[in-house]
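Data first, discussion second: the structure below is written as structure tokens.
Keep in mind the model is a prediction, meaning the values are calculated, not measured.
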Amino acid sequence: MSTIEQNPVRTTPAPTGGRAPSGPTRTAWAIVARREILAKIFDKSFLVGTVLTVAVIAGFMVVSAFMEDRTKTYDLVASGADVSFARTLASEVTAVDDKVIVDVRSADSAEAARALVLDDDADVWLHKVGDDWTLTAATEVPDGLQAAASTVVRQSTIATNAQSAGTSVAAIEKGATLKASILKGNADKQGFAKVMGFVLAFLFYIASLTFGMQLAGSVVEEKASRIVEIIATKIPVRQLLIGKILGNTALAVGQMVVYTGIGLIGLSFTQYKSYLPSVSAGIVWFLAFFLLGFLVIACAWAVAGALASRTEDLQQTAMPLTMLMMAMWFAVFLAKGAVLTVLSFVPPFSAILMPIRILDGSAAWWEPVVALLLLIALAGVIVRGAERLYRRSLLQTSGKLSIKQAWSAPE
């Protein structure tokens with residue numbers, strides 16, 4: 001067994017016990033950060049993944065904008081006396097849904113109309129079954145056509161019945177309308193903000209896992225290959241940790257800015273473009289919470305990598321962090337009411353939940369400020385704790401360590 005393996009605590013001590021000395025090594029973290037950034041931006045898988053994600057976001061926005069502006073024309077066939085009502089429906093259905101246009105075809109008989117639908121020469125057949133109007137299709141009646149046509153049929157039938165009864169539609173429908181209202185804001189805007197909050201939370205979750213695993217993987221690879229022992233003779237371990245965290249954080253934040261920017265540009269071409277000014281402040285808050293939240297998560301990932309001696313150990317050392325990330329993600333969907341409010345102040349849950357509350361308008365102006373200060377406080381504690389764990393476990397190669405073992409290990 002080699003000397004290094006017999007004494008796993010430290011084989012080659014850092015120049016100053018992990019503290020940054022004066023001179024060029026004081027800014028060694030910048031060199032490490034630059035190396036982390038350049039290694040990623042020139043990595044083919046990173047570039048391909050980023051480009052594909054941007055393409056998916058842009059493609060989704062293009063498709064959404066296209067589908068919203070798309071007008072669908074349906075061929076409707078009727079026969080006999082039903083043709084008159086079919087033409088009435090065609091003239092009124094666009095007023096109900098301007099994306100629906102109906103072209104009426106006349107058939108000689110019900111059998112002929114049915115045959116046209118079966119042969120795909122017509123989309124639907126309008127006919128009477130008992131007292132009810134019926135739309136018949138070969139396989140499926142289009143939802144948009146059915147919803148709009150149902151409204152026209154209802155309005156026309158009520159008008160006819162009212163006239164037969166010697167009254168008016170207004171008199172029949174008086175008091176029969178159920179309206180909906182909300183006390184805070186606009187319902188559509190709140191729904192849009194909630195969906196956007198979920199999307200941003202998902203991006204945080206994916207970025208934290210992706211960059212976190214890459215960070216932890218690079219740490220354990222350098223440790224397993226003993227390269228870190230050479231690095232530790234040149235720069236303090238603390239500088240190595242700071243550089244790795246800041247480099248990966250810069251990459252994650254930059255990627256997030258690109259994704260959100262593409263998303264906002266795409267939204268400006270949809271029907272939700274009027275909501276963008278109202279959610280812009282929430283997005284700025286999200287980026288601030290993302291920056292601090294990712295710093296906390298990155299420190300923890302770096303420690304997970306340092307606690308492992310081999311890549312195979314990383315799954316176990318990172319398990320608590322993975323469970324925390326899962327808990328944060330489930331909180332996005334499960335936390336409601338008072339639980340959501342409380343958790344939006346609790347770091348690191350606040351990094352995801354407070355931006356959601358800001359976007360849906362349920363957070364007062366002072367709440368994100370308090371949550372951000374608490375997250376900053378946690379970041380300070382985590383950074384100091386992570387620095388100690390990282391420094392004391394990075395050069396130990398006898399096997400994976402527990403947090404307790406790493407914390408009590410000598411310098």
Side-chain angles (χ1 to χ4, degrees), residues 10 14 18-20 28-40 46 204-205 207-232 234-253 255 290-325 328 347-348 351 375 378-397 399-407 409 411:
R10 187 170 294 268
R19 297 177 178 83
W29 63 267
I31 299 174
V32 177
R34 180 174 178 272
R35 184 192 67 172
E36 291 289 317
I37 293 173
L38 291 178
K40 287 292 189 300
F46 175 78
F204 179 92
Y205 175 74
S208 298
L209 283 180
T210 302
F211 284 97
M213 286 296 295
Q214 291 175 356
L215 173 58
S218 69
V219 170
V220 75
E221 285 175 9
E222 290 176 354
K223 183 177 178 180
S225 64
R226 303 295 179 85
I227 293 177
V228 70
E229 297 172 9
I230 301 175
I231 297 175
K234 303 299 182 181
I235 64 173
V237 174
R238 177 181 298 171
Q239 295 283 311
L240 179 61
L241 172 64
I242 294 173
K244 281 185 169 294
I245 290 175
L246 292 183
N248 282 273
T249 299
L251 285 167
V253 173
Q255 195 178 70
F290 177 87
L291 172 60
L292 288 170
F294 186 84
L295 277 173
V296 171
I297 298 298
C299 288
W301 278 112
V303 171
L307 292 176
S309 292
R310 303 174 303 163
T311 304
E312 294 78 5
D313 300 331
L314 184 58
Q315 184 175 1
Q316 296 183 39
T317 59
M319 181 62 69
L321 184 55
T322 304
M323 297 301 293
L324 174 62
M325 294 299 302
M328 292 172 63
L375 189 56
L378 176 68
V381 173
I382 292 294
V383 167
R384 292 185 67 85
E387 187 270 335
R388 172 173 175 145
L389 291 170
Y390 183 86
R391 176 160 41 89
R392 298 188 178 203
S393 60
L394 187 62
L395 297 180
Q396 299 198 35
T397 58
K400 66 178 184 295
L401 300 173
S402 67
I403 293 178
K404 182 178 180 181
Q405 290 172 329
W407 187 264
E411 291 285 347

Please check if the side chain of [X] supplies one atom and the backbone of [Y] the other of a donor-acceptor pair under 3.5 Å.
X      : Y      : value
Arg388 : Trp407 : yes
Glu222 : Val228 : no
Lys40  : Arg35  : no
Asp313 : Arg310 : yes
Ser208 : Tyr205 : no

How close do [X] and [Y] get, heavy atom to heavy atom, and via which atoms?
X      : Y      : answer
Leu314 : Ala216 : CD1-CB, 3.8 Å
Val220 : Gly217 : CG1-O, 3.2 Å
Ala386 : Cys299 : CB-CB, 3.7 Å
Gly305 : Val219 : C-CG1, 3.6 Å
Ile37  : Gly247 : CG1-O, 3.6 Å

Next on the checklist: Using the side-chain contact (heavy atoms from CB on, under 4.5 Å) definition, which of the options Ile235, Leu246, Ile242 pairs with Val32?
Outcome noted: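 Single side-chain contact (heavy atoms from CB on, under 4.5 Å) partner of Val32 among Ile235, Leu246, Ile242: Ile235.
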
Checklist entry - Checking side-chain contact (heavy atoms from CB on, under 4.5 Å) against Arg391, which of Val237, Leu240, Leu241 comes through? => result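 Only one of Val237, Leu240, Leu241 forms a side-chain contact (heavy atoms from CB on, under 4.5 Å) with Arg391, namely Val237.
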
From [X] atom [atom1] to [Y] atom [atom2], the distance as rounded to the nearest 0.5 Å:
X      : Y      : atom1 : atom2 : result
Ser393 : Lys223 : OG    : NZ    : 5.0 Å
Ile297 : Phe211 : CD1   : CZ    : 14.5 Å
Met319 : Leu324 : CE    : CG    : 13.0 Å
Trp29  : Arg238 : CH2   : CZ    : 14.5 Å
Phe204 : Met325 : CZ    : CE    : 5.5 Å

Checklist entry - Salt bridge between Arg384 and Glu387, side-chain N to carboxylate O under 4.0 Å? => result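 Between Glu387 and Arg384 there is no salt bridge, as every charged N stays at least 4.0 Å from the carboxylate O atoms.
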
